[in-house]
Amino acid sequence: MEKWRTAERRGKGLDHAAMSADETQPKACDERIDLSVAASYQAENGSITTVGSMESEKAAYAFLPQTPIESTDDHLVEFAEAMRTVAKALRQVAEGKAAAQAEAAEWKRKYELEKAVKAHKHHSLIKGCSNCVKDKLEHLASKLTLETASADQAGCCGNHGICSRQILQDQCPGPNRKSDDDKIVGQKAPFRLSWGLNGDKSGQHKHDFVSFEKGDITTAERSNKQILLKWESPPQTVLFVTKPNSSAVHTLCSEMIRWLKEHNNMNIFVEPRVSKELVTEDSYFNFIQTWDNDQEMKTLHTKVDLIVTLGGDGTVLWAASLFRGPVPPVVAFSLGSLGFMTPFPSEQYRECLGNVLKRPFTITLRSRLQCQVIRDAAKDEVETEEPIIVLNEITIDRGMSSYLTYLECYCDSSFVTCVQGDGLIISTTSGSTAYSLAAGGSMVHPQVPGILFTPICPHSLSFRPLILPEYVTLRVQIPFNSRGQAWASFDGKGRIQLGPGDALICSISPWPVPTACLVDSTTDFLRSIHEGLHWNLRKSQSLDGPAA
């Protein structure tokens, strides 16, 4: 009803626009031409006529050839141009008014049809549902549903959109219906939601994160506390990644390789450095395998079933950097100074590896960031540098320059802010306990999907850190009016210089790092911040205070 009235008011507004356009045109000397637009009318069948407007337009065009226009009379030339403008405006007003009144008639017809359906429903509730009334009601309701669907087809997103919906008809009460004093509750209309992949608009969606029960939305899959990994067949190949320059790690590595080979008959892969050390030390380790070049390293994920790291969090970062695509499950043993991602004690490696190889175990899917540097000199994205994958964070700082960094930041197509300070940290949730935490960022559970946006010593006290959703794409650009250059580092290594006009594009990689849990993801995370950071550790309050 409201849309019908709005369309009628819009049609009337066009009449006033026509009158205003007519009044503002210039008059010729002593002659005045009155061009009035007659009010259009609408018949009951919905037909539209614009007699007054069309006659006024014809009169304007008919007047033009009758007016003697000399080539030397500039005033008459201007008057002729004004008349053409008036005629064009009248034609546009007439067309717009006709469209508005047609829309008003359509909405009025729908409103009356819907009102008739409700009246028949009310009548059937009071007097019961006879066969003829029921057939008529179903006919009217189906007609209304079909017309509404056809009218909204252009505006609705259909099967691939988020507004797909369906109209439910109220059921006709049977002989066992409740008394008139009972409250009648209508049924809910079901709907579907579609989740895009990293903002993908091509129609591909994933539905595994949301379930629906009678129109209520619940995050079924994401609310699971545990993610279990169960081997369909026993794993056969293990890759060892070790901390360098440590005699304790070297000794434990050789011991674990012996145990896996003798008791489980596993195929063992090690890094080229470790292979050379072990083979030189003892010819027993001639069975171990390694890779000779980067091309062979890129195919490791097709051969390795499990990764074992011996060291700290830096060793886990190095192991993840060996895989640009899919990453096998990682079992991280704590042999370093920090242990946010290394929950397994090295002293119990036999029991831990036995459980991982033979039983289902919980894992934490740690998101990674993929970033790409686009140079200002590059004319096409094909000419840009190769993507870089990080597990913790990307840091953009001022390097050795004495000037503040000046960075323009964008989130998808939206401008975020200009960063003026020592730099910016773009971090994963796994890296929230690293450099981002030292710069004032929050600690975030590693399975929370998000990207941390943390400034480094910003030149503004109101510049607080942000946590953005995982599907966005961040773009950090060095403006051309920047006083100095900037430097970008990736997980603390591989520094790249960025000049004015260069940009850094960051988004979540589709390949996370699955790390095995000692207990479960939440328990391991809380244990790591308690033991690694001594989080909220303080002396207990004395109990010998004043009596109440």
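Everything numeric here is computed off the predicted structure, so don't read it as measured data. Only this structure's heavy atoms are used, side chains among them; waters, hydrogens and symmetry mates stay out.
Contact between L452 and S432 at its shortest, heavy atoms only, is CD2-CB, 3.5 Å. In terms of heavy atoms, I478 sits closest to A486 at CD1-CB, 3.8 Å. Between W291 and V270, the closest heavy-atom pair is CZ3-O, 3.5 Å. Closest heavy-atom contact between I389 and Q370: CD1-CB, 3.4 Å. A pairwise comparison of heavy atoms in T454 and G441 identifies CG2-N, 3.9 Å as the closest pair. The heavy-atom pair separating V472 from I451 by the smallest distance is O-CD1, 4.0 Å.
In this pair, W231 and F361 present their aromatic rings tilted. The plane angle is within the 30 to 60° band.
Residues F269 and L300 are in side-chain contact: their nearest non-hydrogen atoms beyond the backbone lie under 4.5 Å apart. Between P465 and F453, every side-chain heavy-atom pair lies at or beyond the 4.5 Å cut-off. The side-chain heavy atoms of D422 and R398, taken from C-beta on, include a pair separated by under 4.5 Å. Residues Y410 and E408 form a side-chain contact, since some pair of their non-hydrogen atoms from C-beta on lies under 4.5 Å apart. Taking the side chain as every heavy atom from C-beta outward, I467 and V444 approach each other to under 4.5 Å. Proximity of L252 to L310: side-chain heavy atoms (C-beta onward) are separated by under 4.5 Å at one or more points.
In this structure, S521 OG and I363 CD1 are separated by 9.5 Å, a value rounded to the nearest 0.5 Å. From H534, atom NE2 reaches atom CG of N536 across 13.0 Å, with rounding to the nearest 0.5 Å. Remark: C517 SG to F525 CZ distance equals 12.5 Å, nearest 0.5 Å. Taken from CG in D412 to CZ in R475, the straight-line distance is 12.0 Å, to the nearest 0.5 Å. For the atom pair N392 CG and I394 CD1, the distance stands at 11.0 Å (nearest 0.5 Å).
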Apply side chain to side chain contact (heavy atoms under 4.5 Å, CB included) to residues F415 and C409 and explain how you reach the verdict.
CA-CA 6 Å; F415 174 73; C409 302; over 6 Å; no
Where do L317 and M341 land on the side chain to side chain contact (heavy atoms under 4.5 Å, CB included) test, with the steps shown first?
CA-CA 9 Å; L317 295 178; M341 292 185 287; 4.1 Å; yes
Going through the distances and angles, do F240 and T309 end up as a side chain to side chain contact (heavy atoms under 4.5 Å, CB included)?
CA-CA 6 Å; F240 277 85; T309 65; over 6 Å; no
Start with the C-alpha distance between V476 and I396, add both sets of side-chain angles, then the distance that settles side chain to side chain contact (heavy atoms under 4.5 Å, CB included), and finish with yes or no.
CA-CA 9 Å; V476 182; I396 306 174; 3.7 Å; yes
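Heavy atoms from other residues, nucleotides or ligands lying under 6.0 Å from CZ of R495 number more than 12. Heavy-atom contacts from other residues, nucleotides or ligands closer than 6.0 Å to CZ of R273 number more than 12. Atom NE2 of H459 has 12 or fewer neighbouring heavy atoms from other residues, nucleotides or ligands inside a 6.0 Å radius. With a 6.0 Å radius and a threshold of 12 heavy atoms from other residues, nucleotides or ligands, K298 has its NZ atom at or below the threshold.
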Could you pull out all donor-acceptor pairs under 3.5 Å where a side-chain atom in residues 501-516 meets a protein atom, sequence neighbours excluded?
unit_1	atom_1	unit_2	atom_2	d
D502	OD1	D376	N	2.8
D502	OD2	R375	NH1	3.0
D502	OD2	G499	N	2.8
S509	OG	W511	N	3.2
T515	OG1	T364	O	3.4
T515	OG1	R366	NE	3.1

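Ionic pairing of R368 and D491 is not present here: no N-O contact between side-chain nitrogen and carboxylate oxygen is shorter than 4.0 angstrom.
Here F323 and H301 keep their ring centres 6.0 angstrom or further from each other.
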